[in-house]
Number of protein chains: 2
Amino acid sequence: MTSQENRTKQTFTISQLAAQLDISPRAIRFYEEKGLISPRRTPGNQRIYTAKDRARLKLILRGKRFGFSLDEIAEMIGMADTDVDEVAQIEKSLAYGRRKLEEIRDRMRDLILLEQDLLAVQKKLEKRLEELKREGKP
Amino acid sequence: MTSQENRTKQTFTISQLAAQLDISPRAIRFYEEKGLISPRRTPGNQRIYTAKDRARLKLILRGKRFGFSLDEIAEMIGMADTDVDEVAQIEKSLAYGRRKLEEIRDRMRDLILLEQDLLAVQKKLEKRLEELKREGKP
DNA sequence: AGTAACGTTAACGTTAACGTAAGGTCTTCC
DNA sequence: GGAAGACCTTACGTTAACGTTAACGTTACT
């Protein structure tokens, strides 16, 4: 171990994290601008990300993959309106999160429907393909 | 039945459909520009939507809710590159659709993870809230 | 201590997915 | 048949989520 290497307190630079999560450093900085993460800094002002920060980023990306906007995600994880008092803010986030959980359950069902839709489309395409092939060489 | 009312061949105007699906007529026209739907027209050039068109729109909206872009959706349902020959196009769409189906299965798992993440966030928030309340009135 | 590789902010550019406004056409209903 | 209301196209505006320079500071290595 060179110096600052302590298996539990693994930290990353912005580009390391970006590579791991397959996004750009710019994207990560952008999420910070939006108030979704706030990593600590080195004395030289460079960002340092902990495993927790990484987990949060993964959550953000997951949310994104389901079409949630960054603003929505910000509310879900309770980092919005940091100017109001904390109790009110936390209660707001809790309520928001509960709504989003319901939404997620809806989406589960919806996802199944999407799957069925796509399966139906596939069947039709396969059928049409067979017809065309029969036409081609009868 | 007044005249053109044939329970199976229900048709809709653009604004009727928009209201049903809770989107704007402009959005529907936009999807058409993108090649996602192609409703028939009246002699006077107005769009008429069938139940099939409606189902397709629902599919589009479902796809959107999961973060698929309109271009991706276009490929999934087999309406892209209408200039190449049909067999090739259909095969392309089939392959694309299969990939997307896999993606959907991944997302199922992912959605469960997102749910767990959010539940974890909720627990933390609740805990923090209790702390704050204990502080407030000890 | 020099320098390559990486990091920082600031500011402008880009793209997808519509919104909106203008000006004209259809349909419907009296 | 004429006015209201819905529909049409065209075209420019808007917003979210980054991408892309530019101009400069920091870290790591030799």
Side-chain angles (χ1 to χ4, degrees), chain A residues 1-5 11-50 53-54 56-77 79-80, chain B residues 2-5 11-50 53 56-77 79-80:
Chain A
M1 300 192 190
T2 45
S3 65
Q4 203 79 312
E5 202 178 317
T11 65
F12 318 96
T13 73
I14 195 167
S15 56
Q16 283 172 350
L17 201 53
Q20 286 177 30
L21 302 179
D22 198 33
I23 56 180
S24 69
R26 166 68 172 134
I28 298 183
R29 291 197 192 97
F30 183 71
Y31 299 153
E32 186 176 343
E33 274 181 50
K34 280 271 180 171
L36 292 172
I37 30 170
S38 13
R40 274 171 308 155
R41 305 287 184 118
T42 70
N45 198 35
Q46 302 200 179
R47 282 165 252 249
I48 28 185
Y49 296 90
T50 69
D53 291 323
R54 204 180 97 101
R56 161 144 305 187
L57 270 173
K58 281 190 142 193
L59 196 166
I60 296 170
L61 295 179
R62 235 174 242 131
K64 275 200 28 132
R65 256 173 263 135
F66 289 101
F68 291 115
S69 75
L70 294 182
D71 285 354
E72 282 177 311
I73 296 171
E75 295 220 56
M76 285 190 230
I77 60 186
M79 307 222 67
Chain B
T2 44
S3 65
Q4 202 78 314
E5 201 178 322
T11 64
F12 318 96
T13 73
I14 195 166
S15 55
Q16 283 172 349
L17 201 52
Q20 287 177 30
L21 302 179
D22 197 32
I23 55 179
S24 69
R26 166 67 173 137
I28 298 183
R29 292 195 192 97
F30 183 72
Y31 300 152
E32 185 176 344
E33 276 180 50
K34 281 268 175 175
L36 292 171
I37 31 171
S38 14
R40 276 172 306 157
R41 305 284 185 124
T42 69
N45 198 36
Q46 304 200 178
R47 281 165 252 250
I48 27 185
Y49 297 89
T50 69
D53 292 323
R56 160 143 306 187
L57 270 173
K58 281 190 143 193
L59 195 168
I60 295 169
L61 296 179
R62 241 176 236 128
K64 275 199 25 128
R65 257 173 262 134
F66 290 102
F68 291 115
S69 76
L70 294 182
D71 286 353
E72 282 178 310
I73 296 171
E75 295 219 55
M76 284 190 232
I77 60 187
M79 307 222 67

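All chains are named by letter (A, B, ...) in the order of the sequence lines, taking the proteins before the strands, and each is independently numbered beginning at 1. Side chains included, hydrogens not; waters and symmetry mates left out as well; all remaining heavy atoms used. Because the structure is a prediction, the values reported are computed rather than measured.
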### Query
Is there a side-chain polar atom (N or O) of B/Thr42 under 4.0 Å from OP1 or OP2 of C/dC26?
no
#### Entry: Distance-minimising heavy-atom pair for A/Pro25 and A/Ser15
CG-CA, 4.4 Å
### Message
Taking side-chain contact (heavy atoms from CB on, under 4.5 Å) as the criterion, tell me which of B/Leu70, B/Leu36, B/Ile23 meets it with B/Phe30.
### Response
B/Leu70
### Message
Checking contacts here: which listed nucleotide (C/dT20, D/dC18, D/dT27) is nearest the side-chain heavy atoms of B/Arg26?
### Response
C/dT20
### Heavy-atom pair of closest approach, residues A/Arg47 and A/Pro39
CG-CG, 3.8 Å
### Query
Which of these nucleotides, D/dC8, C/dG7, D/dC18, is closest to any side-chain atom of A/Ser24?
D/dC18
#### Entry: Proximity to the side chain of B/Thr13 - top-ranked nucleotide from C/dG7, D/dA17, D/dC7
D/dC7
### Task
Send over the distance from A/Ile48 CD1 to D/dT27 C1', rounded to a whole Å.
13 Å
### Message
Side chains of B/Ile73 and B/Tyr31, heavy atoms from C-beta outward: is any pair under 4.5 Å?
### Response
no
### Message
What residues from residues 58-66 of chain B pass a heavy-atom cutoff of under 4.0 Å to DNA chain D?
### Response
none
### Query
To the nearest Å, how far apart are B/Glu33 CD and C/dA16 C1'?
13 Å
### Message
Could you tell me how far apart A/Leu36 (CG) and D/dC18 (C1') are, to the nearest whole angstrom?
### Response
13 Å
### Query
Start at the 5' end of DNA chain C and walk down; is the nucleotide closest to A/Arg47 or to B/Phe30 reached first?
A/Arg47
#### Entry: Comparing B/Gly44 and B/Ala27 on DNA chain C - which has the more 5′ nearest nucleotide
B/Ala27
### Query
Where each residue is assigned the nucleotide of DNA chain D containing its nearest heavy atom, which of B/Ile14 and A/Leu70 is assigned the position nearer the 5′ end?
B/Ile14
### Query
Between B/Asp71 (CG) and C/dC18 (P), how many Å, whole number?
12 Å
### Task
Just compare C/dC18, C/dA17, C/dT8 and give me whichever is closest to any side-chain atom of B/Tyr31.
C/dC18
### Query
Is there side-chain contact between B/Arg40 and B/Thr50, with heavy atoms separated by less than 4.5 Å?
yes
### B/Ile37 and B/Ile28, any side-chain heavy atoms less than 4.5 Å apart
yes
#### Entry: A/Gln46 side chain, from C-beta outward: closest of C/dG7, D/dC7, C/dA17
C/dG7
### Query
Using a cut-off of less than 4.0 Å, is there contact between a side-chain N or O of B/Arg29 and OP1 or OP2 of D/dC8?
yes
### Query
Quick one: are B/Ile14 and B/Gln46 in side-chain contact, heavy atoms under 4.5 Å?
no
